[in-house]
Participant: 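This is the structure I want to talk about, given as structure tokens.
Proteins come first, then strands; the chains are lettered A, B, ... in the order of their sequence lines, and each starts at number 1.
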Amino acid sequence: MNGRLELWLFVAHRITAAVLAPLVLVHVATMIYVVQGGLSAAEILSRTQGSLWWAGFYGLFVAAAAVHGSIGLRTIIREMAPWTGGSLRLAAGVFGLAILVLGFRAVDALT
Amino acid sequence: MARRGRVRVAPLRNLPIIRDLAVDMTPFFDKWARAKGRFVPSAAGTQGFAEVAPDSPERRAADAGLECIGCGICYAVCDVVAWNPDYVGPAALNRAWTLVNDVRDGDRAGHLAAAAAGAGCHACHSHQSCAEYCPTGLNPTASIAGLKRMAFVAALKGEP
């Protein structure tokens, strides 16, 4: 096993966690606020489409979630299932890439 | 220990059982070696005593982890060791932390790199079972947290 890889995965995991924490809070608070206000999907889209701010916000969200999720998922699988090594690393990478693609498609549709 | 008044006697977990309550401690001490748990002299003995201020931050950090008796309880109660057989475990990392903070040691960066390599300090989930069951009252989780923090900063600074 590459010794430095684990260290860098840890660093990336912690930094993306620090990025995600405020983003998740803003995301959840905004969702609650929007639902309480009774906005329809069309009304929400009219506010988010063309907004550079929301594109940046959710773009960063997706990127951080893809990195954070794939590293965390790899650790969980390695400890909870008899699956380790290069194939698991590859699978975690594919998972992260899938989150990235799906997430950016959603961001594109929203903004 | 005594659940419903019954005491269960069992060999140490996470180690190969030789017979009855006796376990083979070899993997436990092999991991001490892997985490470079050996002092590296920086000066010849003829140069006199090294002066280490008792209240310096390094000395206090090392002090907190020094009284390890190598019993292997922390290793046996650690769930991460059970889940990830590669993980070096609390005792070896606690030892590494005392050496990383030993100003007399000649290879403190090497100790840190060894502790952070592979399934080292970053595999710890801070469950704190080691601190809960340590018979001498040490807190290996705190030592491992120190290693994580130091290795994190060293990595960002580009140090090996």
Side-chain angles (χ1 to χ4, degrees), chain A residues 1-25 28 56-57 59-100, chain B residues 13-14 30-31 33-37 75 77-90 92-93 96-97 100 107-127 129 141 143-160:
Chain A
M1 191 190 300
N2 183 346
R4 304 290 290 169
L5 176 71
E6 297 298 322
L7 173 58
W8 282 113
L9 289 180
F10 177 85
V11 170
H13 200 236
R14 293 306 146 114
I15 289 176
T16 50
V19 170
L20 278 172
L23 295 184
V24 168
L25 287 178
V28 171
F57 180 90
L60 186 64
F61 197 123
V62 165
V67 173
H68 190 83
S70 53
I71 296 172
L73 188 69
R74 169 177 171 266
T75 303
I76 293 169
I77 291 176
R78 200 173 52 163
E79 289 180 358
M80 293 295 147
W83 185 12
T84 58
S87 64
L88 177 56
R89 273 205 293 275
L90 185 71
V94 169
F95 174 79
L97 212 59
I99 295 290
L100 212 58
Chain B
R13 199 171 66 130
N14 296 336
D30 278 352
K31 287 178 179 177
R34 212 179 87 202
K36 281 201 180 165
Y75 188 84
V77 297
C78 179
D79 282 336
V80 181
V81 175
W83 296 333
N84 183 356
D86 273 343
Y87 176 46
V88 283
L93 290 171
W97 177 240
V100 163
D107 190 20
R108 293 163 72 188
H111 289 302
L112 184 62
C121 58
H122 299 108
C124 166
H125 291 313
S126 306
H127 291 160
S129 295
T141 310
S143 302
I144 297 167
L147 287 170
K148 285 177 185 169
R149 203 160 42 233
M150 206 181 262
F152 185 100
V153 173
L156 291 186
K157 282 183 181 170
E159 292 164 7

Participant: Would you list the atom pairs, donor with acceptor, under 3.5 Å between side chains in residues 109-117 of chain B and any protein atom, with sequence neighbours excluded?
Facilitator:
{"residue": "B:His111", "atom": "ND1", "partner": "B:Lys36", "partner atom": "O", "Å": "2.8"}
{"residue": "B:His111", "atom": "NE2", "partner": "B:Asp105", "partner atom": "OD1", "Å": "3.0"}
{"residue": "B:His111", "atom": "NE2", "partner": "B:Asp105", "partner atom": "OD2", "Å": "3.0"}

Participant: Do any of residues 14-23 of chain A come closer than 4.5 Å to chain B, heavy atom to heavy atom, and if so which ones, in number order?
Facilitator: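 Heavy-atom contacts from residues 14-23 of chain A to chain B are A:Arg14, A:Ile15.
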
Participant: Does any backbone or side-chain atom of A:Thr84 lie under 4.5 Å from a heavy atom of chain B? Answer side chain, backbone, both or neither.
Facilitator: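 Neither part.
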
Participant: Holding to ring pair (Phe, Tyr, Trp, His ring centres under 6.0 Å), I want the full list of residues that pass it with B:Phe152, two or more places apart in sequence or in another chain.
Facilitator: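 With neighbours one apart ignored, the set is empty.
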
Participant: Dump the intermediate steps for side-chain contact (heavy atoms from CB on, under 4.5 Å) on A:His13 and B:His122, then the final yes or no.
Facilitator: CA-CA 11 Å; A:His13 200 236; B:His122 299 108; over 6 Å; no

Participant: Taking side chain as everything from C-beta outward and backbone as N, CA, C, O, which of these in B:Ala82 sits under 4.5 Å from a heavy atom of chain A? Side chain, backbone, both or neither.
Facilitator: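 Contact with chain A involves no heavy atom of B:Ala82 at all.
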
Participant: Can you tell me how far apart CZ (A:Arg78) and OH (B:Tyr87) are? Round to the nearest 0.5 Å.
Facilitator: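 One gets 12.0 Å once the value is rounded to the nearest 0.5 Å.
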
Participant: Scan for ring pair (Phe, Tyr, Trp, His ring centres under 6.0 Å) pairs involving residues 73-93 of chain A, sequence neighbours excluded, and state none if there are none.
Facilitator: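 Passing the test, one end in residues 73-93 of chain A: no pairs.
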
